[in-house]
Amino acid sequence: WFSVDGNVLFMYGPHGVELTTSNRDCTLTLSSSGIAINLNGGNLTITNGNVNITGNVSTTGTLTNNGHAVGSTHVHSGVQPGSGNTGTPT
């Protein structure tokens with residue numbers, strides 16, 4: 001079911017809405033429990049925008065920032081005992 005108000009396309013279904021490619025390689029599912037994006041090994045790219053998240057973030061795999069690992073496997077250079085600061089992640 002859908003309607004158009006002139007500027008926006010509204011799509012709705014009794015249990016949600018799914019947008020998918022013809023071979024189902026990429027799907028976007030909207031339901032009362034949330035939004036699911038399945039890229040089947042593809043990439044999600046956000047260009048020229050900001051991402052704001054309110055809530056918890058959970059990841060698997062490598063988390064990088066400006067080419068440096070910042071996830072659970074990262075290490076720091078310049079580590080010394082005491083109250084000093086470490087170097088940046090390597």
Side-chain angles (χ1 to χ4, degrees):
W1 306 314
F2 66 92
S3 65
V4 178
D5 78 352
N7 294 311
V8 179
L9 172 65
F10 292 94
M11 299 178 71
Y12 54 92
H15 300 288
V17 174
E18 182 176 284
L19 303 174
T20 186
T21 56
S22 60
N23 60 1
R24 299 189 57 82
D25 274 351
C26 180
T27 60
L28 171 69
T29 304
L30 309 172
S31 69
S32 60
S33 63
I35 300 170
I37 301 172
N38 186 337
L39 303 173
N40 288 320
N43 297 308
L44 175 64
T45 303
I46 300 171
T47 304
N48 296 327
N50 298 312
V51 176
N52 298 300
I53 299 171
T54 302
N56 300 321
V57 176
S58 177
T59 66
T60 58
T62 303
L63 180 62
T64 60
N65 178 268
N66 292 325
H68 295 281
V70 295
S72 62
T73 61
H74 81 276
V75 295
H76 289 259
S77 62
V79 176
Q80 296 180 5
S83 61
N85 292 322
T86 66
T88 59
T90 58

Shortest non-hydrogen separation from [X] to [Y] and the atoms involved:
X   : Y   : result
T59 : V57 : CG2-CG1, 4.1 Å
V51 : I46 : CG2-CD1, 3.6 Å
L39 : C26 : CD2-SG, 3.7 Å

Check your understanding: Does one side chain, of T29 or T27, offer a donor that lies under 3.5 Å from an acceptor on the other?
Key -> no
Exercise for review: Just do the side chain to side chain donor-acceptor pair (under 3.5 Å) check on S31 and S33 with the steps written out, would you?
Suggested key: CA-CA 5 Å; S31 69; S33 63; 3.0 Å; yes
Check your understanding: Near N66 CG, under 6.0 Å, is it more than 12 heavy atoms from other residues, nucleotides or ligands?
Key -> no
Practice item. Identify, with sequence neighbours excluded, every residue that meets side chain to side chain donor-acceptor pair (under 3.5 Å) alongside T20. Key: none
Check your understanding: Can you check whether T45's main-chain N or O pairs, donor with acceptor, with N43's side chain at less than 3.5 Å?
Key -> no
Check your understanding: Atom CG in L30, atom CE in M11: separation rounded to 0.5 Å?
Key -> 9.0 Å
Check your understanding: Can you tell me how far OG1 of T21 sits from CG of L28, rounded to the nearest 0.5 angstrom?
Key -> 11.5 Å
